[in-house]
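Working notes for the structure below.
Values below: every heavy atom of this structure, side chains too, minus hydrogens, waters and symmetry copies. Since we're looking at a predicted model, the values are computed, not measured. Reminder, nothing fancy here: chain letters follow the sequence lines and each chain counts from 1.
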Protein chains: 2
Amino acid sequence: MKTMHKEHTLTKNQQIIFDLIDKSPEPMKAYSILFNVQKKGIKAPLQVYRALDKLVEIGKIHKIESRNAFIACQNSSCQVAKATAFSICEMCEKVTEISSAGLSKYLTNFKDKEGMKYSKYNLEFFGLCKKCRT
Amino acid sequence: MKTMHKEHTLTKNQQIIFDLIDKSPEPMKAYSILFNVQKKGIKAPLQVYRALDKLVEIGKIHKIESRNAFIACQNSSCQVAKATAFSICEMCEKVTEISSAGLSKYLTNFKDKEGMKYSKYNLEFFGLCKKCRT
DNA sequence: TACATAGTGTTATATTATAACAATTTAAAT
DNA sequence: ATTTAAATTGTTATAATATAACACTATGTA
Ligand SMILES: [Zn+2]
Ligand SMILES: [Zn+2]
Ligand SMILES: [Zn+2]
Ligand SMILES: [Zn+2]
């Protein structure tokens, strides 16, 4: 018996906004998204934020908290939408989702001083990307 | 020869705002800080944000990015103000700064797929605190 | 069909953060 | 002590990010 994975059929607004973010080479901000989808009939911030909330919830996109911006998940098969890690270039703002079994294993197994474990986390690394180091 | 640590004498506004955050049992938001220091003559958001920026820069406080809130550094001797880790209770919003030599060592030594290391990072763990687990 | 759930459209508003500019304080450097 | 540069302050205005409230519509399912 196969483990089923709930398929989330995106609604019209969700699909429009996901497509935009997914084809963007960089994280997009909510009002930039709004501007870009107005021609498709999405006119108000709330329509954007609602779609973003849902897309984040189902793991299709992630929020880069330090930038208030949204990026498509780069691990299409990622089961752990709630355990995310990114590298962020402080020069050019390039953001890359880190997919490291070792890292996620380490963090998932990490115990704090009271022995508490956390399956949900967000990690943002900062530095200079390859290009910007020159 | 002792390694000297630059002493940052706080200015009046910085001290007022640091004291407030430092005695708060929970992270404080900028406009809540503003409200609380108005009686001391700090009347405008910019005055608060400027002090916050400086306090973050020198490591006296940290920003909890997922909450847009500020907390006093709980590692007074922390040399690595730019390498932070927190646990956040999703029920009661209690935030604790994690001070783990193992964790910081692991993250500082972590290499991404291109062999890149990052000395600066921010990690936020989410879960239920001891109290909220009951 | 009837019901519940999720999504939509809309207006208004709340919250978080910065721009721009003049004045003042502070800490060197001469 | 005087000059100078850097940092900080005070102030007004505005930008950027995000949510509340409400009426309505689509969708799945019992
Ligand atoms: Zn992902
Ligand atoms: Zn770069
Ligand atoms: Zn700290
Ligand atoms: Zn709690």
Side-chain angles (χ1 to χ4, degrees), chain A residues 4 6-21 24 26-71 88 90 93 95 122 124, chain B residues 4 6-21 24 26-71 88 90 93 95 122 124:
Chain A
M4 288 310 272
K6 176 79 159 39
E7 267 314 317
H8 288 276
T9 308
L10 301 184
T11 64
K12 183 165 138 286
N13 288 1
Q14 289 162 8
Q15 189 69 58
I16 289 169
I17 288 172
F18 174 73
D19 287 345
L20 178 67
I21 296 171
S24 170
E26 61 206 13
M28 294 195 75
K29 302 193 143 226
Y31 278 72
S32 162
I33 293 167
L34 175 58
F35 179 80
N36 279 278
V37 297
Q38 277 179 330
K39 65 182 80 73
K40 303 215 171 172
I42 296 177
K43 294 178 193 152
L46 246 199
Q47 294 175 289
V48 172
Y49 280 105
R50 285 195 285 224
L52 290 174
D53 284 351
K54 190 66 186 185
L55 291 167
V56 166
E57 183 192 328
I58 65 181
K60 300 279 287 182
I61 67 173
H62 304 299
K63 182 173 186 181
I64 308 300
E65 293 286 357
S66 65
R67 301 299 187 258
N68 296 320
F70 300 85
I71 190 176
I88 302 172
E90 292 186 293
E93 294 294 323
V95 173
N122 181 54
E124 296 180 4
Chain B
M4 291 307 274
K6 176 80 161 40
E7 265 315 316
H8 289 275
T9 309
L10 301 184
T11 65
K12 183 166 137 288
N13 287 2
Q14 290 162 9
Q15 190 69 57
I16 289 168
I17 287 172
F18 175 72
D19 287 345
L20 178 66
I21 296 171
S24 169
E26 61 206 14
M28 292 194 75
K29 302 194 142 223
Y31 278 70
S32 161
I33 292 168
L34 175 58
F35 179 80
N36 279 276
V37 297
Q38 277 180 329
K39 63 181 83 72
K40 303 213 169 173
I42 297 176
K43 294 177 195 154
L46 246 199
Q47 295 175 288
V48 172
Y49 280 104
R50 284 196 286 225
L52 290 174
D53 284 350
K54 190 68 185 181
L55 291 168
V56 166
E57 181 191 330
I58 65 182
K60 299 279 289 180
I61 66 172
H62 303 300
K63 182 172 185 181
I64 308 301
E65 293 286 358
S66 65
R67 300 298 187 260
N68 298 319
F70 300 85
I71 190 174
I88 302 173
E90 293 186 292
E93 294 295 322
V95 173
N122 181 54
E124 298 180 3

Considering only dT18(C), dG10(D), dT8(D), which nucleotide approaches the side chain of Pro45(B) most closely?
dT18(C)
dA18(D) phosphate, OP1 or OP2: any side-chain N/O from Lys63(A) under 4.0 angstrom?
yes
Rounded to the nearest angstrom, tell me the gap between atom NZ in Lys43(B) and atom C1' in dA13(D).
17 Å
So do Glu26(B) and Ile71(B) actually touch side chain to side chain, heavy atoms under 4.5 Å?
no
CD (Gln15(B)) and CG (Leu55(B)) are apart, to the nearest 0.5 Å, by 8.5 Å
DNA chain C: Asp53(B) or Ile42(A), which has the more 5' nearest nucleotide?
Ile42(A)
Rounded interatomic separation in angstrom, taking CG from Leu10(A) and C1' from dA26(D):
16 Å
Taking the minimum atom-to-atom distance to the side chain of Arg50(A), which one of dT8(C), dG7(C), dT11(D) wins?
dT8(C)
Determine: side-chain N/O of Asn68(A) to OP1/OP2 of dA18(D), distance under 4.0 Å, yes or no.
yes
Selection from dT11(C), dA20(C), dG10(D) that lies nearest to any side-chain heavy atom of Ala44(A):
dT11(C)
Any base atoms under 4.0 Å from Gln14(A), or only sugar-phosphate, or nothing? Heavy atoms, all strands.
sugar-phosphate
Using whole Å, report how far CG of Leu55(B) lies from C1' of dT8(D).
13 Å
State, with a plain yes or no, whether a side-chain heavy atom of Val56(B) is found less than 4.5 Å away from one of Phe70(B).
yes
Polar side-chain atom of Glu124(B) near backbone of Ser66(B) as donor-acceptor pair, under 3.5 Å:
yes
Is the closest side-chain heavy-atom distance between Ile42(B) and Ile33(B) below 4.5 Å?
no
Donor-acceptor check, side chain of Glu57(A) to backbone of Lys54(A), threshold 3.5 angstrom: yes or no?
no
Rounded to whole Å, the OH-C1' distance (Tyr49(B) to dT9(D)) equals 18 Å
Tell me which residues in residues 26-34 of chain B lie within less than 4.0 Å of DNA chain C, going by non-hydrogen atoms.
Lys29(B), Tyr31(B)
Glu57(A) has an atom CD; how far is it from atom C1' of dT5(C), in whole Å?
13 Å
Of all the nucleotides listed (dA20(D), dA20(C), dT16(C)), which has the minimum atom distance to the side chain of Leu46(B)?
dA20(C)
When you compare the side chain of Glu65(B) with that of Asn122(B), does any pair of heavy atoms fall below 4.5 Å?
yes
Can you give me the closest heavy-atom contact between Ile21(B) and Met28(B), atom names plus distance?
CA-SD, 4.2 Å
Taking only the side-chain heavy atoms of Gln47(B) (C-beta and beyond), determine which of dT9(D), dT10(C), dT16(C) contains the nearest atom.
dT9(D)
Protein-nucleotide distance (Leu52(A), atom CG; dT8(C), atom P), rounded to Å
12 Å
What's the CD-C1' distance between Glu65(B) and dT17(D), to the nearest Å?
14 Å
Whole-Å distance between dA6(C) C1' and Asn13(A) CG?
13 Å
Can a side chain N or O of Thr11(B) be found less than 4.0 Å away from OP1 or OP2 on dT26(C)?
no
